[in-house]
Amino acid sequence: MKLASYNVNGINGRLDVLLRWLDETSPDIVCLQELKSPDARFPERALEAAGYNAIWHGQKSWNGVAILARGQTITETRLGLPGDPDDTHSRYIEAAIDGMIIGCLYLPNGNPAPGPKFDYKLRWMKRFRQYAAELFELDVPVALIGDFNVMPTDLDVYKPERWRDDALFRPEVRAVYAELLADGWTDAVRELHPGERIYTFWKYFRNAFPRDAGLRIDHFLLSPSLRERLLSCGVDKYVRGWKHTSDHAPVWIELAD
DNA sequence: ATGTCGCTCATTGAGCGA
C-alpha cells in the first residue's frame with residue numbers, strides 16, 4: 001500500500017500535472033495541500049474519472065487540503081484542526097481509510113519571522129502537537145501527512161546558514177517538530193534514510209531545482225503500529241522537472257499490507 | 001533584496017502569499 005503527499009500549489013491550475021502523476025504512479029492514498037480552490041471548484045469528477053474518491057477542505061485563493069483514495073471508502077473523521085474556533089484557514093482534514101487514520105495537514109509557512117504570521121505558526125504547531133497526542137492515545141494506526149513547512153535538521157537544507165532566521169527553520173519551530181518525535185511519532189523518510197540528503201521542495205526562482213538547492217519540508221509522521229509496517233519511501237523528483245509543475249515534488253511511503 | 005509562481009479582482013495589470 002502506497003501513501004503519498006503532494007503540495008500541488010493550485011489544484012485547478014495544475015490539474016494536468018496531478019492527473020499525469022496519479023496515472024503514472026498509482027498511489028493508494030494521497031494527501032494534497034495548497035489546493036488554492038474554493039470547495040465548489042474542487043475537481044471531483046476529474047479525480048473520480050482517474051479512479052480516486054476524495055474529500056476536501058477548500059478555501060478561496062489560499063491553503064486547502066484533500067485526501068484521495070483509489071478504490072477505497074474514505075470516511076471523514078475531522079475537518080479543521082481543533083483548539084481555536086477563530087482559525088479560518090483550511091489546513092487540516094482527516095479520514096479513516098482501510099483501518100488507518102490519515103491526517104492531512106498544511107502547516108502555516110510563518111514568514112516573516114518574527115511577526116504575527118510566525119506567532120500563528122507556533123500556535124498552530126502547539127495545537128497540532130496536542131491533538132496528535134490525543135490520536136496517539138487511541139492506539140490505532142495513524143499517519144500524519146503533509147507539508148509541515150519545517151526542515152527538522154541541517155541535513156534537510158541545502159545551505160543551513162542561509163535559513164537560520166527563516167520561519168521554516170527557526171529553533172522554536174524545529175523544537176516543536178522534535179517534541180513530536182519525542183512523543184513517539186516516527187519521521188518515516190528519515191527513519192529509512194538517516195544520513196541521506198533528501199529534498200521535497202525547490203523554489204521557483206534562482207534556478208533552485210537545477211542547482212538542487214532544496215528543502216525537506218513534506219513529511220510522514222507514523223504511529224508505532226505503522227512504523228512496524230514501513231517498507232520503503234521515495235521522492236518523485238522528476239515531477240518537479242515537468243513543465244507547469246508545483247514547487248514541491250510528490251513524496252511517498254510504502255507500507256506492508 | 002532578489003527571484004517566480006497561482007489566484008483574485010477587474011481589466012491587461014497589481015497585490016498577495018509562498
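In what follows, chains are A, B, ... by sequence order, proteins preceding strands, each numbered from 1. Below, all heavy atoms of this structure are taken into account, side chains as well, without hydrogens, waters or symmetry copies.
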Asks: A:G13 or A:K203: which one's nearest nucleotide on DNA chain B is closer to the 5' end?
Replies: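 Looking at the nearest nucleotide for each, A:K203 comes out on the 5' side.
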
Asks: With C1' as the reference atom in both, quote the distance from B:dT11 to B:dC7 in angstrom, rounded to an integer.
Replies: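 Per the computed distance, 15 Å lies between those C1' atoms.
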
Asks: Just checking, any donor-acceptor pair under 3.5 angstrom between side chains of A:R211 and A:Y158?
Replies: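 The criterion, which ignores hydrogens and geometry beyond distance, is not satisfied for A:Y158 and A:R211.
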
Asks: Provide, to the nearest angstrom, the distance between the CH2 atom belonging to A:W163 and the P atom belonging to B:dA18.
Replies: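 So the CH2-P distance, A:W163 to B:dA18, works out to 13 Å.
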
Asks: Among B:dA18, B:dC16, B:dG3, which nucleotide sits nearest the side chain of A:W62?
Replies: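 Within the option list, the nearest is B:dC16.
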
Asks: Return the value, rounded to whole Å, for the distance between atom CZ of A:F148 and atom C1' of B:dA18.
Replies: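 Atom-to-atom, A:F148 to B:dA18, this comes out as 19 Å.
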
Asks: Taking the same atom, C1', in B:dG3 and in B:dG17, what whole-Å distance lies between them?
Replies: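 About 15 Å, rounded to a whole number of Å.
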
Asks: What's the CG-C1' distance between A:L215 and B:dA18, to the nearest Å?
Replies: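 Roughly 12 Å, once rounded to whole Å.
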
Asks: When you match A:R41 and A:T245 each to their closest nucleotide on DNA chain B, which lands nearer the 5' end?
Replies: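 The 5'-side residue here is A:T245.
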
Asks: Any heavy-atom pair between the side chains of A:V239 and A:E24 that's under 4.5 Å?
Replies: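 No. Closest side-chain heavy atoms not under 4.5 Å.
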
Asks: Taking only the side-chain nitrogens and oxygens of A:K36, find out if one of them lies under 4.0 Å from OP1 or OP2 of B:dA18.
Replies: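 For B:dA18, neither OP1 nor OP2 has a side-chain N or O of A:K36 closer than 4.0 Å.
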
Asks: When the C1' atoms of B:dA1 and B:dG6 are considered, how many whole Å apart are they?
Replies: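 These two C1' atoms come out 23 Å apart once rounded.
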
Asks: For the P atoms, the ones on B:dT2 and on B:dC16, what distance do you get once it is rounded to whole angstrom?
Replies: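 B:dT2 and B:dC16 have their P atoms separated by 15 Å.
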
Asks: Describe the nucleic acid contact of A:F209 in one word from base, sugar-phosphate, nothing, applying a heavy-atom distance below 4.0 Å.
Replies: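 Here A:F209 touches no strand at all.
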
Asks: OP1 or OP2 of B:dG17 less than 4.0 angstrom from a side-chain nitrogen or oxygen of A:K117, does that happen here?
Replies: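 A:K117 to B:dG17 OP1/OP2: side-chain N or O found under 4.0 Å.
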
Asks: Using only modelled atom types and a 3.5 angstrom limit, is any donor from either the side chain of A:R206 or the base of B:dT4 paired with an acceptor on the other?
Replies: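 Result: no qualifying N/O pair found.
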
Asks: Phosphate oxygens OP1/OP2 of B:dA18: is one of them under 4.0 Å from a side-chain N or O of A:H248?
Replies: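 For A:H248, the contact criterion (side-chain N or O under 4.0 Å from OP1 or OP2 of B:dA18) is not met.
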
Asks: Using modelled atom types only, decide if a donor and an acceptor are shared between the side chain of A:R41 and the backbone of A:N12 within a distance under 3.5 Å.
Replies: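 No.
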
Asks: Using whole Å, what does the distance between atom P of nucleotide B:dA18 and atom CG of A:D218 come to?
Replies: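 One finds 15 Å between P of B:dA18 and CG of A:D218, rounded.
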
Asks: B:dT2 P sits how many Å from A:R162 CZ, rounded?
Replies: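 A:R162 atom CZ is separated from B:dT2 atom P by 16 Å.
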
Asks: Rounding to an integer number of Å, can you tell me how far A:Q59 CD sits from B:dG6 P?
Replies: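 Checked: the CD to P distance equals 19 Å.
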
Asks: Looking at residues at least two apart in the chain, or sitting in another chain, which of them share a salt bridge (Lys or Arg N to Asp or Glu O under 4.0 Å) with A:R229?
Replies: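 Per chain and number, A:R229 pairs via salt bridge (Lys or Arg N to Asp or Glu O under 4.0 Å) with no residue.
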
Asks: Check every atom of B:dT8, B:dG6, B:dC5 against the side chain of A:Y204 and return the nucleotide holding the closest atom.
Replies: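 Shortest atom-to-atom distance from the side chain points to B:dC5.
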
Asks: Could you report the tightest heavy-atom contact between A:R240 and A:S246, atom names first, then the distance?
Replies: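 Where A:R240 meets A:S246 most closely, the heavy atoms are CD-O, 3.1 Å.
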
Asks: May I have the distance from A:N109 (atom CG) to B:dG17 (atom P), rounded to whole angstrom?
Replies: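 Atom CG in A:N109 sits about 11 Å away from atom P in B:dG17.
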
Asks: Take the angle between the ring planes of A:Y199 and A:W202 and call it parallel below 30°, perpendicular above 60°, tilted in between.
Replies: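 The rings of A:Y199 and A:W202 stand perpendicular, inter-plane angle above 60°.
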
Asks: Write down the distance between CZ (A:F118) and P (B:dG17), rounded to a whole number of angstrom.
Replies: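 It is 18 Å, rounded to the nearest whole Å.
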
Asks: Considering only atom P, compute the distance from B:dT12 to B:dA18 and round it to an integer number of Å.
Replies: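 So the two P atoms sit 27 Å from each other.
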
